[in-house]
There are 2 protein chains.
Amino acid sequence: MTYEQLKLNNQLCFRLYTAARLTVGAYHPYLDPLGITYPQYLVLLVLWEQDKQPVCDIAKRLMLDTNTVTPLLQRMEKSGLLRRTKGKTDTRQRIVSLTEKGSALREQAKHIPECLSANILEKMGSLEELTTLVPALDKLIEGLSER
Amino acid sequence: MTYEQLKLNNQLCFRLYTAARLTVGAYHPYLDPLGITYPQYLVLLVLWEQDKQPVCDIAKRLMLDTNTVTPLLQRMEKSGLLRRTKGKTDTRQRIVSLTEKGSALREQAKHIPECLSANILEKMGSLEELTTLVPALDKLIEGLSER
DNA sequence: TATTTTTGCATCGTGAACGATATAAATATG
DNA sequence: CATATTTATATCGTTCACGATGCAAAAATA
């Protein structure tokens, strides 16, 4: 019995960790001109789908905790992408809503997904294998996220 | 033509990003008792395979830059897991070698991969789908990492 | 050999992630 | 109604990830 399983190349998690890092990196050429980071882009995706959400709903959607999301939102408020107002029914809540600037970015971001697909397609030859990733990742995420 | 592609649920990268986070998180119960983080575990995996490597080789192996790896190694040196000595043939290099403590951790870490597999198996029912991830992730990583 | 370029490592600053902890408001329970 | 618990958010500290930059040693080139 050796240490075979302790070899880096046998580790699924390292692949996920690396693939995620590199994929986020592939967004840089498209997000830099908009002046936003990838996590900020994710927040915008959520708000573009539905504006005016409390912090906890955004956090749930991104599967992050508020201690990650709150500072993220504060930075985004500072850069004028959104506003954080006190909730009316529940005064503990902070309702996050897009500013004009935040809303307008949607139009500029519209083509990012296809740009990225094209980019990856060019580098990989085919997107076939990537689509097979989706259900497996979903199952993994579901398994690891249940309490 | 709508903003369909801008929906969070249609984003592969978000899945990768989330799956990676959650999987790293699944290591916590096993790494915390050893007093190391996941990136530190990765460094140890590399050094356990081959001791006494220059910083750049470790960085290459982990597909990270030295500006990430150097502080990581400095912290690990501080906690007594490794040493960083000046290279003899090439004095620019810093040769990283395991200490007694760093080497000894290997025995304790030996069962982590199978613990994690068992853990995930329990939560997902089957590991079948996960093995299909490996070749797709490898191809993605290769595509995104070429210069 | 002298000069240029590249390489290996380090430092700095910023933005995340996340554990731990705090606080006030809402809700549940006695 | 009073008290206990939960919930929504925030703050703090540590560790990463990474762009930008600096520096000295090695390698390449003139």
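Every chain is numbered from 1 and lettered A, B, ... according to where its sequence line falls, protein lines coming before strand lines.
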Rounded distance (Å) that lies between atom C1' of D:dC16 and atom CG of B:L31: 15 Å
Interface limits on DNA chain C, where chain A has a heavy atom under 4.0 Å of a nucleotide atom: C:dG15 to C:dA26
Footprint string (nucleotides 19-24 of chain D, 5' to 3'): B base within contact, S backbone only, - free, heavy atoms under 4.0 Å: BB----
B:L64 CG to D:dT15 C1', straight-line distance once rounded to whole Å: 13 Å
Any donor-acceptor N/O pair, A:N10 side chain to A:Q5 backbone, under 3.5 Å: no
Between P of D:dG13 and CZ of B:R75, the distance in whole Å: 17 Å
Joint cluster assignment, A:L64 & A:I95, ILVMFWY side-chain distance < 4.5 Å: no
Contacts of type salt bridge (charged side-chain N to carboxylate O under 4.0 Å, His left out), residue A:E49, not counting sequence neighbours: A:R61
Protein-nucleotide distance (B:L62, atom CG; D:dA17, atom P), rounded to Å: 9 Å
Most 5' of B:Q74 and A:Q40 on DNA chain C, judged by nearest nucleotide: B:Q74
Between D:dA17 (P) and B:L73 (CG): distance, integer Å: 12 Å
Touch class at under 4.0 angstrom, heavy-atom based, for A:T66 against every strand present: base
N or O in side chain of A:R94 less than 4.0 angstrom from D:dA10 OP1/OP2: yes
Stacked cation flag A:R15 on A:Y17, 6.0 angstrom / 45 deg: no
Flag, side chain of B:S117 to backbone of B:P113, donor-acceptor distance under 3.5 Å: yes
Distance, nearest 0.5 Å, that separates CG of A:L130 from OG1 of A:T132: 7.5 Å
Whole angstrom value for the distance that separates P of D:dT9 from CD of A:Q53: 11 Å
First of A:D90 and B:T37 reached from the 5' end of DNA chain D, by closest nucleotide: A:D90
Atom-pair distance (CE on B:M76; C1' on D:dC16), nearest Å: 13 Å
B:Y27 and B:Y41 aromatic ring geometry - parallel, tilted or perpendicular at 30°/60° bounds: tilted
Sugar-phosphate only, base, or nothing, as touched by A:T68 at under 4.0 Å among non-hydrogen atoms: base
A:L12 and B:L137, any side-chain heavy atoms less than 4.5 Å apart: yes
Gap between atoms CZ and C1', on A:R21 and D:dC16 respectively (whole Å): 11 Å
Backbone of A:V55 reached by a side-chain donor or acceptor of A:Q93 within 3.5 Å: no
